[in-house]
Every structure is written in structure tokens, then in C-alpha cells.
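We count residues from 1, following the sequence as given.
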Amino acid sequence: MGTYDKEIREILYRLGVNSTYLGFSYVMDCVGMVLEYEERRYSMKALYIDAARIHKTTDRCVERDIRNLVKTVWKSGNRKYLEEIAGAELKERPKNKYFIGILADYVKEKADNAPV
């Protein structure tokens with residue numbers, strides 16, 4: 001279990017998706033990898049490949065399932081909370097890279113501002 005798994009899971013639940021979504025674990029892993037290694041956010045392909053390796057699937061499946069999770073959040077999830085996390089009004093559904101980035105930034109900001 002990663003350092004930020006609990007926080008990431010809570011955010012995803014609050015966004016309106018749960019662990020039954022195929023992309024749930026992939027998002028958790030990708031956000032966790034970005035939080036551990038900041039430079040990872042610039043290569044989604046590498047993130048997809050690493051998540052695929054962990055889950056014994058393909059990078060295409062990871063990309064597709066994350067996209068479907070983001071679509072679910074956008075269509076029927078808690079869009080207001082998504083915009084709160086993003087810090088701005090979102091005019092269109094975020095791409096995978098942006099979605100993972102805003103989640104990572106939000107978790108990091110919360111961790112940095114947590115009382116010691």
C-alpha cells in the first residue's frame with residue numbers, strides 16, 4: 001500500500017467512483033507514482049506501462065479504463081468537487097493527464113498543509 005493510498009481512495013469515492021470501476025486501481029497507482037516521482041507526470045505512456053505491469057494488463061487497457069473513469073466522474077459524479085480539486089471551473093471533461101495531475105497536486109497540497 002502506497003503512502004497516499006488512503007487519501008487518493010477517499011477523493012475518488014467523493015468524486016463518485018468506487019473500487020468496482022476498472023480504472024480505479026490504475027488511477028490510484030498513477031497518482032501515487034506521480035506523488036513519489038514528480039517527473040513521472042510528464043510521461044503518461046510510462047505511467048500506463050508501469051500500471052499495466054503491476055496489474056498484468058496492457059497500457060492501452062489502463063489508458064482506456066482511466067478515460068472511462070474520468071468520463072463517469074464528468075457525467076454522473078461529483079463535478080463540483082472535481083472543480084474544487086482543480087481550483088477552477090472546468091468547461092470540458094479533463095484528459096487523463098490533467099485528471100491525474102490535479103489529483104496528485106491536491107493530495108500533495110493537503111499533505112503539505114496537514115498539521116504535524
Side-chain angles (χ1 to χ4, degrees):
M1 195 161 171
T3 307
Y4 300 101
D5 283 358
K6 183 178 181 227
E7 292 85 354
I8 300 166
R9 182 178 287 108
E10 288 174 4
I11 291 167
L12 290 171
Y13 286 155
R14 212 168 144 198
L15 285 171
V17 292
N18 60 43
S19 59
T20 61
Y21 284 88
L22 289 174
F24 191 91
S25 295
Y26 305 151
V27 169
M28 287 199 49
D29 290 338
C30 290
V31 172
M33 286 185 264
V34 167
L35 287 165
E36 288 181 36
Y37 309 101
E38 178 66 26
E39 68 278 358
R40 301 291 299 277
R41 80 170 52 224
Y42 303 109
S43 177
M44 291 306 292
K45 181 73 170 174
L47 282 176
Y48 295 156
I49 289 170
D50 288 344
R53 192 174 300 125
I54 291 167
H55 295 280
K56 296 176 178 38
T57 189
T58 66
D59 56 314
R60 288 182 180 185
C61 287
V62 171
E63 186 275 331
R64 180 198 63 223
D65 292 341
I66 291 174
R67 188 175 63 246
N68 286 333
L69 182 137
V70 174
K71 191 184 300 185
T72 298
V73 169
W74 186 252
K75 284 185 172 183
S76 58
N78 188 344
R79 194 183 300 185
K80 182 175 174 131
Y81 183 54
L82 180 62
E83 290 179 339
E84 180 183 319
I85 290 170
E89 182 180 352
L90 301 173
K91 301 289 186 194
E92 59 186 22
R93 177 172 49 98
K95 305 289 187 212
N96 290 3
K97 182 175 184 173
Y98 185 67
F99 184 79
I100 289 168
I102 62 174
L103 264 61
D105 291 344
Y106 187 73
V107 170
K108 182 160 177 29
E109 181 182 318
K110 281 180 64 174
D112 290 346
N113 293 327
V116 179

Inset, instruction - Step by step, work out the side-chain contact (heavy atoms from CB on, under 4.5 Å) result for Leu22 and Asn68. - result: CA-CA 9 Å; Leu22 289 174; Asn68 286 333; over 6 Å; no

Legend entry - Step-by-step salt bridge (charged side-chain N to carboxylate O under 4.0 Å, His left out) determination, Glu10 to Lys6: CA-CA 6 Å; Glu10 288 174 4; Lys6 183 178 181 227; 3.8 Å; yes

Legend entry - Joint hydrophobic cluster, Trp74 plus Ile85, side-chain heavy atoms closer than 4.5 Å: yes

Legend entry - Gap separating the CG atom of Leu103 from the CG atom of Leu15, nearest 0.5 angstrom: 6.0 Å

Legend entry - Separation between CD1 of Ile8 and CZ of Phe24, rounded to the nearest 0.5 Å: 9.5 Å

Inset, instruction - Measure the NZ-CZ distance between Lys71 and Arg93 for me, rounded to the nearest 0.5 Å. - result: 5.5 Å

Inset, instruction - List for me each residue that meets ring-ring contact (aromatic ring centres under 6.0 Å, His included) alongside Tyr21, sequence neighbours excluded, and say none if there are none. - result: none

Inset, instruction - Could you please spell out the steps behind the side-chain contact (heavy atoms from CB on, under 4.5 Å) verdict for Leu12 and Met28? - result: CA-CA 9 Å; Leu12 290 171; Met28 287 199 49; 3.8 Å; yes

Legend entry - Within-4.5 Å side-chain heavy-atom neighbours: Val17 and Val27: no

Tabulate below the donor-acceptor pairs under 3.5 Å that side-chain atoms of residues 51-60 make, not counting sequence neighbours, or state none.
residue : atom : partner : partner atom : Å
Arg53   : NH1  : Asp50   : OD1          : 3.0
His55   : NE2  : Asp29   : OD2          : 2.4
Thr58   : OG1  : Cys61   : N            : 3.1
Asp59   : OD2  : Lys45   : NZ           : 2.3

Inset, instruction - Not counting sequence neighbours, list each pair that qualifies as a ring-ring contact (aromatic ring centres under 6.0 Å, His included) and has a residue in residues 28-52. - result: none

Legend entry - Nearest-0.5 Å distance that lies between atom CZ in Arg40 and atom SG in Cys30: 8.5 Å

Legend entry - Arg67/Glu63 salt bridge by N-O under 4.0 Å criterion: yes

Inset, instruction - Please name all residues satisfying side-chain hydrogen bond (donor to acceptor under 3.5 Å, both in side chains) with Ser76, sequence neighbours left out, ordered by chain then number. - result: none

Inset, instruction - Kindly give the heavy-atom pair with the smallest separation between Arg14 and Tyr81, and that separation in Å. - result: NH1-CE1, 3.2 Å

Inset, instruction - Kindly give the heavy-atom pair with the smallest separation between Ala104 and Val34, and that separation in Å. - result: CB-CG1, 3.7 Å

Legend entry - Pairs meeting criterion salt bridge (charged side-chain N to carboxylate O under 4.0 Å, His left out) with involvement of residues 97-111, two or more places apart: Arg41-Asp105, Lys108-Asp112

Inset, instruction - Please answer: with hydrophobic residues joined when any side-chain heavy atoms are less than 4.5 Å apart, are Tyr98 and Leu47 in the same cluster? - result: yes

Legend entry - Reported OG1-to-CG distance for the pair Thr3 and Leu35, which is rounded to 0.5 angstrom: 9.0 Å

Inset, instruction - Could you grab the distance from atom CD1 of Ile11 to atom OH of Tyr106, nearest 0.5 Å is fine? - result: 6.0 Å

Legend entry - Qualifying residues under side-chain hydrogen bond (donor to acceptor under 3.5 Å, both in side chains), relative to Tyr26, sequence neighbours excluded: none

Legend entry - Minimum-distance pair of heavy atoms, taken over all atoms of Leu69 and Gly23: CD1-C, 3.7 Å

Inset, instruction - Please name the pair of heavy atoms, one in Tyr13 and one in Ser19, separated by the smallest distance, quoted to 0.1 Å. - result: CE2-N, 3.9 Å

